[in-house]
Amino acid sequence: MTTIFGGIHSVETMGTVDGPGIRYIIFMQGCLLRCQFCHNPDTWKIGTGTKRTAEDVFKEAIRYREFWDNSGGGITVSGGEPLLQIDFLIELFTLCKKAGVHTTIDSCGGCFTRDPIFISKLDKLLALTDLILLDIKQIDPEKHLKLTTKSNAPVLDFAHYLRDKNQPIWVRHVLIPAKTDDPTDLQKLHDFISKLPNVKKVEVLPYHTMGVYKWEQLGIRYPLEGTPTPNKEMIKLANKILETDKYAKVQVNKK
Ligand code: SF4
């Protein structure tokens with residue numbers, strides 16, 4: 001195995017919201033998008049972060065294994081955008097699979113491309129990946145561009161690629177008043193998701209402002225200043241339109 005260093009932003013030893021069970025979350029450094037609601041703007045800069053080998057990260061993570069095994073959990077890579085460091089992910093998940101650890105990637109798919117080199121690496125990675133948490137931020141192309149500074153075409157193409165590979169995914173949608181809660185957009189998102197038989201769960205994530213202090217620390221103006229968090233009715237409606245309750249509590253088996 002060649003030694004590849006990953007740029008790591010941080011880790012969370014006992015995560016409970018990024019995949020099934022209790023999970024060790026590795027936040028990778030670097031992202032192509034600039035989501036207005038991002039709660040991790042400190043992960044944006046590409047090429048920085050603490051340089052660590054997959055072996056080093058894995059050895060530290062595996063110390064928490066007893067928590068995963070009793071909860072159906074495992075390891076999740078998040079970010080930032082983890083797929084920007086695909087070579088590192090392949091090394092890390094190779095170690096995970098040798099040890100029988102459940103593996104999850106939290107991605108928005110913004111860097112997805114049909115470039116043959118990327119696809120050959122992605123296929124290797126998918127063979128080692130149990131679950132993908134796919135963040136679809138806006139189904140409307142123009143609103144997506146405004147909200148994230150990038151097109152949603154690669155994101156939707158990534159979803160189709162994962163469908164064709166029959167890769168289990170959870171779709172996640174951050175609900176932001178006046179940005180991503182329009183019932184027409186939600187209906188379009190629902191229609192898109194309903195054509196993906198590999199979707200095992202759909203989650204509505206209510207917008208929150210817990211990361212705003214990071215924007216202030218970085219000296220960047222927070223674009224959603226004054227945007228309220230969604231109320232119970234908005235959340236209920238979004239769940240209804242996206243039919244989130246249709247997805248029974250499914251287990252995503254290990255590969
Ligand atoms: S994709 Fe994630 S990390 Fe990147 S800007 Fe958007 S919310 Fe932040």
Side-chain angles (χ1 to χ4, degrees), residues 6-12 15 17-19 23 25-50 76-86 88-89 104-113 118 122 125 129 131-159 161-162 169-181 185 189 192 202-225 227 229-230 238:
I8 312 292
H9 174 270
S10 57
V11 300
E12 184 182 344
V17 293
D18 294 316
R23 310 195 68 83
I25 320 282
I26 301 152
F27 294 93
M28 305 298 296
Q29 183 71 35
C31 188
L32 295 178
L33 275 61
R34 294 291 179 265
C35 301
Q36 293 183 351
F37 55 90
C38 182
H39 55 262
N40 288 325
D42 46 343
T43 64
W44 287 352
K45 202 168 179 189
I46 292 173
T48 57
T50 308
T76 296
V77 286
S78 182
E81 173 49 64
L83 291 180
L84 287 176
Q85 301 193 61
I86 197 163
F88 175 84
L89 263 51
T104 294
I105 300 171
D106 177 13
S107 170
C108 77
C111 64
F112 177 75
T113 153
F118 181 81
L122 181 63
L125 181 61
T129 302
L131 175 67
I132 296 215
L133 311 180
L134 178 63
D135 304 320
I136 302 184
K137 292 152 198 306
Q138 233 314 346
I139 195 75
D140 180 274
E142 282 175 25
K143 290 181 188 171
H144 189 279
L145 187 62
K146 210 170 162 195
L147 188 67
T148 71
T149 75
K150 297 284 180 206
S151 161
N152 67 1
V155 181
L156 305 184
D157 196 24
F158 185 42
Y161 190 79
L162 296 174
I169 64 175
W170 290 4
V171 172
R172 310 209 293 179
H173 180 69
V174 178
L175 192 72
I176 313 167
K179 297 283 180 188
T180 65
D181 67 337
D185 294 335
L189 178 58
F192 180 83
V202 178
E203 291 186 314
V204 170
L205 308 179
Y207 163 69
H208 63 75
T209 54
M210 283 185 285
V212 176
Y213 76 96
K214 295 184 185 175
W215 290 69
E216 286 161 6
Q217 281 176 355
L218 292 165
I220 320 170
R221 188 185 68 82
Y222 185 60
L224 295 188
E225 187 69 54
T227 299
T229 53

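Both ligands and their constituent atoms are indexed starting at 1 by order of listing. Note that the structure is a prediction, hence the values are computed from the model and not measured.
Among residues two or more places apart in sequence or in another chain, the ring-ring contact (aromatic ring centres under 6.0 Å, His included) test is passed with Trp44 by Trp215. Annotation: salt bridge (charged side-chain N to carboxylate O under 4.0 Å, His left out) contacts of Glu203 (sequence neighbours excluded): Arg172, Lys201.
Looking at atom 3 (S) of ligand 1, its nearest protein heavy atom turns out to be Gly80 N, 3.4 Å.
Within 6.0 Å of the CD atom in Glu142, the count of heavy atoms belonging to other residues, nucleotides or ligands does not exceed 12.
Residues in residues 31-40 take part in these side chain to side chain donor-acceptor pair (under 3.5 Å) pairs, two or more places apart or across chains: Asn40-Lys214.
Side-chain N/O atoms of Asp185 and Gln138 include a donor and acceptor closer than 3.5 Å.
Closer than 2.8 Å to atom 6 (Fe) of ligand 1 sit the protein N, O or S atoms Cys35 SG.
Within the 4.5 Å cutoff, side-chain heavy atoms of Trp170 are placed close to those of Leu131.
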